[in-house]
Number of protein chains: 2
Amino acid sequence: MRDRDRGDRPALSEEKIVRAAVDLADAEGIDALSMRRIARELGSGTTSLYRHITGKDELIELMVDAVYGERSLPPDPGDDWRAGLAAVACRFRASLLGHPWLAQQASRRPALGPNVIARLDHALAVVDRFTHDATRANMIVSAVNTYVLGSVAAELADREAQRSTGMTEDEWRDSVGTYVRHVVDSGRYPHFNRRILDADDPNADARFEFGLDCLLSGIASGAGAW
Amino acid sequence: MRDRDRGDRPALSEEKIVRAAVDLADAEGIDALSMRRIARELGSGTTSLYRHITGKDELIELMVDAVYGERSLPPDPGDDWRAGLAAVACRFRASLLGHPWLAQQASRRPALGPNVIARLDHALAVVDRFTHDATRANMIVSAVNTYVLGSVAAELADREAQRSTGMTEDEWRDSVGTYVRHVVDSGRYPHFNRRILDADDPNADARFEFGLDCLLSGIASGAGAW
DNA sequence: GCAGGCATGCGCACAGTGTACGAGTGTGGT
DNA sequence: ACCACACTCGTACACTGTGCGCATGCCTGC
């Protein structure tokens with residue numbers, strides 16, 4: 001008993017709980033994340049978790065900050081603020097895509113853990129090469145983060161749709177297609193039709209980069225000044 | 001019995017259920033939305049709801065489309081595509097802000113109800129004044145919608161934070177402030193400090209419009225072309 | 001008028017959730 | 001040696017979504 005408790009189960013800790021929770025959420029989705037399940041994964045009793053965290057809400061905040069901390073900060077891009085900001089945005093996007101549950105939590109409470117602050121500081125440092133106006137720098141970073149967040153949310157929605165129905169991409173397209181054909185045949189939405197019929201459907205990466213490029217160009221041009 | 005069933009409770013219907021669900025989610029948040037609670041609000045049995053909808057997932061999809069349909073389409077802006085697109089973005093934002101639970105659902109399955117399609121068609125019509133390239137129009141609309149979604153998600157996170165803690169804005173600022181002071185005092189994040197100390201904290205409307213203006217300027221300048 | 005089918009409403013039950021409470025246990029300080 | 005403490009965890013409670021099957025009232029065919 002002594003050996004088992006000391007050896008095989010080297011006691012719980014906040015860090016271990018958070019790591020197990022992140023792994024579980026990554027593997028099976030945020031809906032599968034329950035306290036009982038985390039405890040089972042750790043080989044401990046369910047309520048033991050509550051000795052190290054105050055509740056599920058706090059656990060999720062800790063998970064968010066932990067994920068923000070797992071990637072190292074991108075290298076200093078020198079004077080090219082635009083490339084630097086694009087790199088920040090891509091890293092942020094990669095973090096969100098790697099942990100699909102993250103984007104879903106973003107509209108709950110704002111994360112302000114140490115790792116989040118570190119990333120924010122880095123982004124502000126990059127923008128500082130472009131403008132020394134603290135208020136403006138703040139808004140620029142907000143705008144870029146905001147765009148990335150929305151972009152990933154939309155991308156995940158698409159991905160989730162075909163995952164939850166268990167269809168391949170082609171099957172999904174067919175399924176939606178027959179429904180959409182009704183709408184198209186009604187002829188009431190000509191522009192929507194054109195989008196379906198004429199437009200190429202760019203992949204998520206291309207869409208992301210297109211919007212990011214527009215946003216950065218607008219920033220560079222000095223838009224948004226009073 | 002006959003009278004009661006016929007008069008006071010004029011039978012359930014999909015539409016009534018959806019409306020009750022939207023009202024409840026607006027008033028008490030998405031977490032308070034349970035099938036039992038909706039049934040109680042309607043004065044019916046819980047499982048009666050399942051005669052009209054297949055389950056909670058479908059209910060939420062119906063709720064999303066219902067909300068998209070409650071605002072009339074903005075007037076045709078004529079040839080000023082930029083003003084028209086800005087109007088579309090503001091309407092979208094208003095819908096999301098009026099129903100905080102909406103943004104949280106956006107990263108689940110994509111809504112493709114009739115009302116959503118109608119709005120999409122309208123947006124594409126506006127952009128058609130700017131470019132006739134269907135693929136490019138598609139990406140432009142995506143980028144704007146994406147930005148609005150992210151912007152609202154961030155705004156709601158702030159709002160939710162102070163609502164859930166039951167603090168006023170000042171109390172919240174103080175509470176975060178003391179925590180942040182630790183970080184600031186450490187001196188490790190100079191740019192973050194400058195943001196806290198020097199930057200004005202623009203309200204959500206200003207932040208939204210700043211980013212939107214940047215994005216639209218970038219689009220107008222032709223950014224994102226290969 | 002009446003029988004039967006059918007749509008609808010709903011009580012019960014089941015497996016699952018977050019977490020409060022308090023009892024049990026091994027460890028370190030005095 | 002003793003006590004206090006940190007920790008683990010079984011039990012319990014009030015919830016959740018929803019499948020099953022029964023009851024009831026209306027509509028149709030005779």
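Chain naming here is simple, since letters A, B, ... match the order of the sequence lines and numbering starts at 1 in each.
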How many whole angstroms separate atom [atom1] of [X] from atom [atom2] of [N]?
{"X": "B:I53", "N": "C:dT8", "atom1": "CD1", "atom2": "P", "answer": "14 Å"}
{"X": "A:I17", "N": "D:dT8", "atom1": "CD1", "atom2": "C1'", "answer": "12 Å"}
{"X": "A:D31", "N": "C:dG18", "atom1": "CG", "atom2": "C1'", "answer": "15 Å"}
{"X": "A:K16", "N": "D:dT8", "atom1": "NZ", "atom2": "C1'", "answer": "14 Å"}
{"X": "B:L49", "N": "C:dA7", "atom1": "CG", "atom2": "P", "answer": "19 Å"}

B:D31 and B:W101 side chains, donor-acceptor separation under 3.5 Å: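 B:W101 vs B:D31: no donor-acceptor pair found between side chains.
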Contact state string [nucleotides 12-23 of chain D, B base, S sugar-phosphate only, - no protein heavy atom under 4.0 Å]: B---BBBB-B--
C:dA7 OP1/OP2 closer than 4.0 Å to side-chain N/O of B:H52: no
Contact under 4.0 Å: A:S44 side-chain N or O vs D:dT8 OP1/OP2: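 A:S44 to D:dT8 OP1/OP2: no side-chain N or O under 4.0 Å.
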Salt-bridge contact B:E28-B:R37 (side-chain N to carboxylate O under 4.0 Å):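 Counted as a salt bridge, because a side-chain N and a carboxylate O are separated by less than 4.0 Å.
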Where at least one partner belongs to residues 47-72 of chain B, residue pairs that pass salt bridge (charged side-chain N to carboxylate O under 4.0 Å, His left out), sequence neighbours excluded: B:E61-B:R109
Side chain B:R91, main chain B:A86, donor-acceptor under 3.5 Å: no
Set of side chain to side chain donor-acceptor pair (under 3.5 Å) partners for A:Q105, sequence neighbours left out: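 Side chain to side chain donor-acceptor pair (under 3.5 Å) list for A:Q105, sorted by chain: empty.
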Considering all heavy atoms, the nearest A:M35-A:Y50 contact: CG-OH, 3.5 Å
